[in-house]
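So the structure is just underneath, and the comments pick up after that.
Predicted, not measured: the structure shown is a model, and the values here were computed from it. Keep in mind that the numbers below use all heavy atoms, side chains included, and drop hydrogens, waters and symmetry copies.
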Amino acid sequence: ASTSRIKIGPQVTPISLRHPSFIAKMGATIDLISHGRFVLQVGTGWQKAEYQSFGFPYDDAFSVRYEKMIEGVEIIRRLWTEDGPVTYRGKHYTLEGAPFWPKPVQKPHPPIWFGGMGRRSRQAVARYGDGWTPALPHFTGMGSERYTEGIQDICDMARAGGRDPDSIVPGAL
């Protein structure tokens with residue numbers, strides 16, 4: 001209530017802890033209330049205890065959690081940008097004529113950042129992301145050298161995929 005410039009959003013929400021349609025709805029609401037200052041930061045999730053304590057199944061296979069994250073982002077983007085009801089049939093999620101109103105303030109949609117340090121997480125940033133939130137190694141932190149290597153890797157993968165790295169990390173390199 002005291003600022004109009006600071007961006008707000010989760011740091012980092014595992015998509016598989018909530019259905020993507022609910023993340024989309026919560027994000028759109030925050031974007032509306034904040035007049036377009038919402039940033040969605042998503043990840044695969046890694047704390048099995050977090051899932052278990054809230055009664056959610058935890059997929060031990062990283063590949064399954066990764067697939068859910070990517071499908072979730074596809075659903076969220078479609079709900080935020082498509083005018084009519086959304087139908088989606090993926091491996092992990094299904095929507096059938098799902099209405100979605102109101103839409104977020106930011107166009108085409110609020111930025112979606114991916115969290116994580118692993119190569120697959122950086123690939124998600126390069127292919128689908130609007131930014132990167134590196135997960136800091138526990139107890140050791142992250143030096144500027146490791147951060148710069150991660151940014152370089154993301155930019156290289158973006159270029160290899162035909163994407164302008166400046167659309168992800170403006171002026172990073």
Side-chain angles (χ1 to χ4, degrees), residues 1-47 50-51 53-59 64-116 120-135 154 157-158 161-172:
S2 299
T3 182
S4 60
R5 296 187 319 247
I6 295 174
K7 301 287 184 181
I8 56 176
Q11 171 71 33
V12 164
T13 191
I15 285 190
S16 56
L17 273 178
R18 293 158 196 85
H19 193 281
S21 60
F22 294 121
I23 295 172
K25 181 54 83 174
M26 290 182 263
T29 300
I30 295 169
D31 200 55
L32 288 163
I33 292 169
S34 69
H35 305 289
R37 295 184 290 128
F38 178 67
V39 175
L40 177 60
Q41 298 182 59
V42 299
T44 59
W46 62 275
Q47 291 188 51
E50 182 179 23
Y51 284 74
S53 63
F54 290 105
F56 287 91
Y58 180 79
D59 295 298
V64 172
R65 296 191 319 273
Y66 184 85
E67 289 170 350
K68 287 181 175 182
M69 178 183 71
I70 298 302
E71 280 190 24
V73 167
E74 290 171 353
I75 289 168
I76 291 166
R77 279 206 174 118
R78 289 189 58 194
L79 289 169
W80 281 350
T81 60
E82 292 184 16
D83 289 331
V86 173
T87 296
Y88 182 92
R89 291 180 188 88
K91 184 175 179 180
H92 303 284
Y93 301 107
T94 301
L95 300 179
E96 193 64 46
F100 192 87
W101 301 104
K103 301 293 184 186
V105 171
Q106 295 179 78
K107 301 299 179 211
H109 57 76
I112 299 175
W113 291 30
F114 288 85
R120 298 279 314 265
S121 296
R122 292 191 310 271
Q123 286 174 334
V125 177
R127 187 165 180 192
Y128 306 102
D130 300 307
W132 180 43
T133 298
I154 290 166
M157 285 187 280
R163 190 164 178 214
D164 179 5
D166 277 344
S167 70
I168 307 165
V169 189

Sequence neighbours left out, what passes salt bridge (charged side-chain N to carboxylate O under 4.0 Å, His left out) with Glu82? Give chain and number order. Arg78
Within the 4.5 Å heavy-atom criterion, are Val64 and His92 side-chain neighbours or not? yes
Taking the side chain from Arg122 and the backbone from Ile154, do they hold a donor-acceptor pair closer than 3.5 Å? no
Evaluate Asp31 against Trp80 for side chain to side chain contact (heavy atoms under 4.5 Å, CB included), listing each step before the verdict. CA-CA 11 Å; Asp31 200 55; Trp80 281 350; over 6 Å; no
Of all the heavy-atom pairs spanning Lys68 and Ser16, show the shortest one and how long it is. CD-CB, 3.9 Å
Look up atom CD1 in Ile70 and atom CZ in Arg127, then write down how far apart they are to the nearest 0.5 Å. 8.0 Å
For Arg65, salt bridge (charged side-chain N to carboxylate O under 4.0 Å, His left out) partners two or more places apart: none
Using every non-hydrogen atom in the two residues, find where Thr81 and Pro108 come nearest and quote the distance to one decimal. CG2-O, 3.2 Å
Suppose we screen for side chain to side chain donor-acceptor pair (under 3.5 Å). Which residues come up paired with Gln123, at least two apart in sequence or across chains? none
Could you list the residues that satisfy side-chain contact (heavy atoms from CB on, under 4.5 Å) with Arg89, not counting sequence neighbours? Thr87, Thr94, Glu96
Which residues share a side chain to side chain donor-acceptor pair (under 3.5 Å) with Thr133, sequence neighbours left out: Gln41
To the nearest 0.5 Å, how far apart are CE in Met69 and OH in Tyr66? 5.0 Å
Mind checking side chain to side chain donor-acceptor pair (under 3.5 Å) for Arg18 and listing every partner two or more places apart, or none if nothing turns up? Thr13
Would a 4.5 Å heavy-atom cut-off, applied to side chains only, mark Ile23 and Ile15 as touching? yes
Sequence-distant partners of Glu67, salt bridge (charged side-chain N to carboxylate O under 4.0 Å, His left out), two or more places apart: Lys91
For Lys107, check salt bridge (charged side-chain N to carboxylate O under 4.0 Å, His left out) against everything at least two apart and list the hits. none
List the residues meeting ring-ring contact (aromatic ring centres under 6.0 Å, His included) with Tyr128, not counting sequence neighbours, and say none if there are none. none
Is there side-chain contact between Pro111 and Gln106, with at least one heavy-atom pair below 4.5 Å? yes
Quick check: closest heavy atoms across Pro20 and Tyr93, and the distance to 0.1 Å? CD-CE2, 3.4 Å
Considering all heavy atoms, the nearest Trp101-Asp83 contact: CZ2-O, 2.8 Å
Below 4.5 Å, heavy atoms only, C-beta onward: do His109 and Ile76 meet side chain to side chain? no
Side chain to side chain donor-acceptor pair (under 3.5 Å) partners for Lys103, two or more places apart: none
Qualifying residues under side-chain contact (heavy atoms from CB on, under 4.5 Å), relative to Phe56, sequence neighbours excluded: Leu17, Tyr51, Phe54
Using every non-hydrogen atom in the two residues, find where Pro10 and Val39 come nearest and quote the distance to one decimal. CD-O, 3.7 Å
Spatial distance of atom CG (Leu95) from atom CD (Glu74) [nearest 0.5 Å]: 11.5 Å
What pair of heavy atoms forms the shortest contact from Ala158 to Ala126, and how long is it? N-CB, 3.6 Å
Using atom types as modelled and distance alone, determine if a side-chain donor or acceptor of Glu71 lies under 3.5 Å from a backbone N or O of Gly90. no
For the pair Trp113 (side chain) and Val125 (backbone), establish whether a donor and an acceptor sit closer than 3.5 Å, ignoring hydrogens and angles. no
Residues forming a side-chain contact (heavy atoms from CB on, under 4.5 Å) with Leu32, sequence neighbours excluded: Pro102, Val105
